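One structure below.
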Amino acid sequence: MDQPSQTKNLRIPGPTPLPPEVRRALAAPIIGHRSPELQSLMSRVRRRLKQVFQTEHEVLVFTSSGTGGMEAAVANLLSPGDRVLAVSVGVFGERWVRLAEAYGAQVDRLAFPYGEGADPEVVLAWLRGEGPYRALFITHNETSTGVTNDLGALAAALGDLGDERPLLVVDAISSLGAIDLRTDAWGCDVVVTGSQKALMTPPGLALVSVSSRALAASGQARNPRFYWDFQRAMEYATGRNQTPFTPSVTLLQGLDVALGLILDEGLGERFARHEALASYFRQGAAALGLEFLAREAVRSNAVTALKVPSGITAEALVGRLRDEYGIEVAGGQGPLKGQIFRVGHMGWVTQEELADVLRALREILNR
Ligand SMILES: Cc1ncc(COP(=O)(O)O)c(C=O)c1O
């Protein structure tokens, strides 16, 4: 991939910069949403999505932000009163709690301190003691704390539960396409991502993989749903290469090209590149004396959360990076507001752009 041409160094953890190939695709003429052109585009997008999600099952496309995909999971899998477990390691883990509660589920919340990952043994012990649950909701990469949960280990632990294994529902909004996530091999029933992060496409599409078990559950579950209905979306996808309702045709055109770039790079190469870039950035940040929010073993390859050093406020730091250097980073969310700042390094990003951030930080901290 060549050097990004944006003058601004957009280093928030999504939306992320777009490769020129994707920007060009977004300028293509609109095609009819029931046309043969759309069907062939959709057929390719479906095939590519399955490869990037590492699944044989269908990946449904909804026109919405990522949270819409999360809501689709809750609406389709649960009935009012179902017991579910939300494993939370940050602000986005809490979103599962609120969503499931909004749909009338009985939600147990197993939370780990900010900066920690979910311990698979603790989760398994909890499930053994408090289960069974209809579903377990978890965030793969917690964007608010810069933590990646060891989903592979967690999924393996769930295997020990036999028939009592809950549906495994994963928010992979800030990981899919940057950090390895083996949907089928790990037995993930629903994996949700959004177009605007490692998939290098503008905001506006939610992509949702649905296992056979999840599809069967959606046929039984009694929560109300219409726009988000998995069964109807599945019929349209597999039967007609369409979506039930008018999709964002333009975003599909962009996503198609972005997925092609991702597969050309190769998933393994891509995960390794993210690891190398993240490690470069972490080393540079540590050399500046900055402290990480996340414990070392669980630091994310998609986003780094750094503590705001003494002598400057988060607001001033973020403001100076933006106004004096054209670098946009994110502050902290919820209880972490004012405590940390976050630098995204997922998708279309180069080492040079991260070096720019480190140089700017060094100058600001020296002053
Ligand atoms: C881990 C995670 N979950 C959920 C969301 C919400 O996604 P959206 O804003 O696309 O609805 C985000 C967005 O930053 C996220 O990083």
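Being a predicted model, the structure only gives us computed values, none of them experimental. Every number for a ligand or one of its atoms is a count from 1 in the order of the listing.
- Residues Arg282 and Asn301 bring a donor and an acceptor atom of their side chains to less than 3.5 Å of each other.
- Note: His140 and Trp186 have perpendicular aromatic rings, judged against thresholds of 30 and 60 degrees for the angle between ring planes.
- Among residues two or more places apart in sequence or in another chain, the side chain to side chain donor-acceptor pair (under 3.5 Å) test is passed with Glu101 by none.
- Within the structure, every pair that satisfies the side-chain hydrogen bond (donor to acceptor under 3.5 Å, both in side chains) test and touches residues 357-367, not counting sequence neighbours, is listed here: Glu324-Arg367, Tyr325-Glu363, Tyr325-Arg367, Glu352-Arg359, Asp356-Arg359.
- Every residue two or more places apart in sequence or in another chain that forms a side chain to side chain donor-acceptor pair (under 3.5 Å) with Arg109 is listed here: Glu94.
- Although no hydrogens or angles enter the test, the distance criterion places a donor-acceptor pair under 3.5 Å between the side chain of Arg232 and the main chain of Phe226.
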Which protein N or O atoms sit under 3.5 Å from any N or O of ligand 1? Give each pair with its distance.
from	atom 1	to	atom 2	distance (Å)
ligand 1	3 (N)	Asp171	OD1	3.4
ligand 1	3 (N)	Asp171	OD2	2.5
ligand 1	10 (O)	Gly66	N	2.8
ligand 1	10 (O)	Gln196	NE2	2.8
ligand 1	11 (O)	Ser65	OG	2.6
ligand 1	11 (O)	Gly66	N	3.3
ligand 1	11 (O)	Thr67	N	2.8
ligand 1	11 (O)	Thr67	OG1	2.5
ligand 1	14 (O)	Lys197	NZ	2.5
ligand 1	16 (O)	Thr143	OG1	2.4
ligand 1	16 (O)	Lys197	NZ	3.4

